[in-house]
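Below: one structure, written as structure tokens.
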Amino acid sequence: MRPLRVGNFSGFYGDRADALREMLTGGEVDVLTGDYLAELTMLILGRDRLKDPSAGYARTFLRQLEDCLGLARERGVRIVTNAGGLNPAGLADRVRRLAGRLGVPVRVAHVEGDDLAAAHPGTLAAHAYLGGFGIAACLRAGADVVITGRVTDAALVTGPAAAHFGWAPTEWDRLAGAVVAGHVLECGTQATGGNYAFFGEGDVRRPGFPLAEIHADGSSVITKHPGTGGFVDPGTVTAQLLYETDGARYAGPDVTARLDTVTLRRDGPDRVRIEGVRGEAPPPALKVGLNRIGGFRNEVVFVLTGLDIEAKAALVREQLDAALAKSPPREVRWDLVRTDRADADTEETASALLRLVVRDPDQQAVGRALSGAAVELALASYPGFHVLSPPGKGAPYGVFEDVYVPHGAVDHVAVLHDGSRIRVPVPQETRPLDAVPPPPLPEPLPPGPVRRAPLGLVAGARSGDKGGNANVGVWARTDEAWRWLAHTLTTERFRQLLPETRALPVTRHPLPNLRALNFTVEGILGAGVAAQARFDPQAKALGEWLRSRHLDIPETLL
């Protein structure tokens, strides 16, 4: 049986608008997938739905489809997307109306059952992460467009693969292979050189979107359309495999994929073959993401220029603390960012930033109280007083947490184009998600001369968020560098290099097949990205900070 060519045209809500047309016209493809959902997106859609109960989906998808629905139909390309967000039935209805207006005959189906808000009062959004078999049921029934709500990102690929090849729910190795391919595709151009540690090795000014050629045994080839920008090599694929994962077991609602069994090899220019992936029965519980309003947040950034930076910061902090003392916000955080340089030749490079962030359940406590106190200091504080922008009224911020429910607590249903409903059965076999024993490490490099240098000269990294936790994947590019990295970058060394992690639980997960280490840092992001607990609230650059840190590296690797 010929491989199934699955492409991606969106990695997030706001991705490149013309990507759908680019993927339809750039080469052969059978199915196009669009991923619009993230933890923060669910909060944004929840707030949309508060204003308009008929909303709650990614509106940009409709604009893309208006331009491309006829082209997709003409070329026989099916479209599968989670753009339905909190309202997949509503978006499916809008797509039908759009198709009618355009005169394009398409069958539109949707998947529902993920919404558990009724069981979690007080949340803006409460959604289980469903698997791919609802999507598969829609496609098997002839759907041209499938709209979902919250499914796992990889389900957008496993569903089409299961439908095309007729996989049963217990064919775990095949499903796991599709999960790995789906994880590589889900973030769009991150697989083709976008956000890549070694971006200088190709032209990444406008990376093309990725494709996976999926075979009946679950193996795949990651590639892209000919002539598009960016590049695909084992490094770009490794980076995406490590993104927002942690240990050797990558759990999902259909299957647990064993990342420690993944093997990558070049298969020609801009082609990387993924094979050897093993799968296991899924865990007995489904993840449910809960989004709620945590309160109100405000901030003001004071610019401190020239001499006496520490004394200026102390003065304005003391002044504002006194002004807010009558009704202090529940949370007050000050951060002094020393961006200043001595004897600087521009005013900006002579300046440091002092950031004040306040949070409270009461908007008044972070709004008028703060803005009044800050503005009143304009002529009465440190020399050179000014701020980047005046504080506003205070904006709501979100809090994310995840809980787990049995598979049977969710009514997973495929709603076909004719309105008929197919219930997706729960897995007949599950397996607890136990940790994998530590794998054997390679022999360390023999002793030799070393040089103080940045880690990034010999290792790549990619980092991201999962709720309040961050993961940092680090990989070596050669066997010799892996022999050094595996023994050098211990959990303790990681904490030393990134002092912000020293007081937090850090777990190291070696993945020798990928010459990689994946670190999970618990709690560094507080209550999740929407809470904006730190300077980099999604930990996107945590890996690049790690790569910039200096340590003793063998000269043979440099």
Side-chain angles (χ1 to χ4, degrees), residues 33 37 42 80-82 84-89 92 109-120 123 125-141 143 146-183 186 218 249-258 277-290 401-416 419-434:
T33 63
L37 301 184
M42 300 299 280
V80 179
T81 179
N82 61 17
L86 279 57
N87 188 7
H110 74 274
V111 177
E112 60 184 39
D114 59 303
D115 192 343
L116 299 182
H120 298 277
T123 58
H127 291 259
Y129 289 70
L130 302 181
F133 279 96
I135 296 170
C138 294
L139 293 172
R140 286 169 178 159
V146 181
I147 307 294
T148 78
R150 190 31 132 176
V151 296
T152 63
D153 300 335
L156 300 175
V157 173
T158 59
H164 181 75
F165 296 113
W167 292 340
T170 53
E171 294 188 75
W172 293 314
D173 288 350
R174 292 179 170 88
L175 289 167
V179 164
V180 170
H183 182 59
E186 70 184 53
R249 286 192 164 103
Y250 184 51
D254 298 322
V255 64
T256 294
R258 290 290 298 265
V277 185
R278 303 297 302 274
E280 299 169 345
L286 288 174
K287 178 180 174 180
V288 180
L290 306 181
E401 63 177 311
D402 51 53
V403 297
Y404 291 84
V405 300
H407 286 264
V410 173
D411 193 16
H412 188 180
V413 177
V415 183
L416 306 184
S420 58
R421 301 169 68 86
I422 300 176
R423 279 188 162 74
V424 178
V426 301
Q428 295 302 299
E429 184 178 343
T430 61
R431 174 176 178 163
L433 199 65
D434 299 324

Nearest-0.5 Å distance that lies between atom [atom1] in [X] and atom [atom2] in [Y]:
{"X": "D411", "Y": "D114", "atom1": "CG", "atom2": "CG", "answer": "11.0 Å"}
{"X": "R150", "Y": "L86", "atom1": "CZ", "atom2": "CG", "answer": "10.0 Å"}
{"X": "H127", "Y": "M42", "atom1": "NE2", "atom2": "CE", "answer": "4.0 Å"}

Please find the pair of heavy atoms, one from [X] and one from [Y], that lie closest to each other, and give the distance.
{"X": "A143", "Y": "A109", "answer": "CB-CB, 3.8 Å"}
{"X": "A281", "Y": "E429", "answer": "CB-O, 3.7 Å"}
{"X": "V180", "Y": "A257", "answer": "CG2-CB, 4.3 Å"}
{"X": "G131", "Y": "H412", "answer": "O-CE1, 3.9 Å"}
{"X": "V157", "Y": "A178", "answer": "CG1-O, 3.9 Å"}
{"X": "P253", "Y": "L286", "answer": "CB-CD2, 3.4 Å"}

Going by the side chain to side chain contact (heavy atoms under 4.5 Å, CB included) test, name the single residue among N82, V424, L156 that passes it with I135.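 So, applying the side chain to side chain contact (heavy atoms under 4.5 Å, CB included) to I135 and each of N82, V424, L156, only L156 qualifies.
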
Is [Y] close to [X] at the side-chain level, that is, under 4.5 Å between some pair of heavy atoms?
{"X": "E112", "Y": "R421", "answer": "yes"}
{"X": "R249", "Y": "D434", "answer": "yes"}
{"X": "L37", "Y": "Y129", "answer": "no"}
{"X": "P283", "Y": "T256", "answer": "yes"}

Apply ring pair (Phe, Tyr, Trp, His ring centres under 6.0 Å) to Y250 and list each qualifying residue two or more places apart in sequence or on a separate chain.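 With sequence neighbours excluded, Y250 shows a ring pair (Phe, Tyr, Trp, His ring centres under 6.0 Å) to H183, given in chain and number order.
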
Contacts under 3.5 angstrom, residues 162-172 side chains, donor-acceptor by atom type, not counting sequence neighbours:
| residue | atom | partner | partner atom | Å |
| --- | --- | --- | --- | --- |
| W167 | NE1 | A216 | O | 3.1 |
| E171 | OE1 | R174 | NH1 | 2.9 |
| E171 | OE2 | A168 | N | 2.7 |
| W172 | NE1 | P169 | O | 3.2 |

R140, CZ atom: more than 12 neighbouring heavy atoms under 6.0 Å: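 Count over threshold, so yes.
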
Would L116 and V410 satisfy side-chain contact (heavy atoms from CB on, under 4.5 Å), going step by step from the backbone distance to the final call? CA-CA 8 Å; L116 299 182; V410 173; 4.1 Å; yes

Walk me through it: do L130 and T148 pass the test side-chain contact (heavy atoms from CB on, under 4.5 Å)? CA-CA 9 Å; L130 302 181; T148 78; over 6 Å; no

Are I147 and T81 close enough, and set up right, to give a side-chain contact (heavy atoms from CB on, under 4.5 Å), and what steps lead you there? CA-CA 5 Å; I147 307 294; T81 179; 3.7 Å; yes

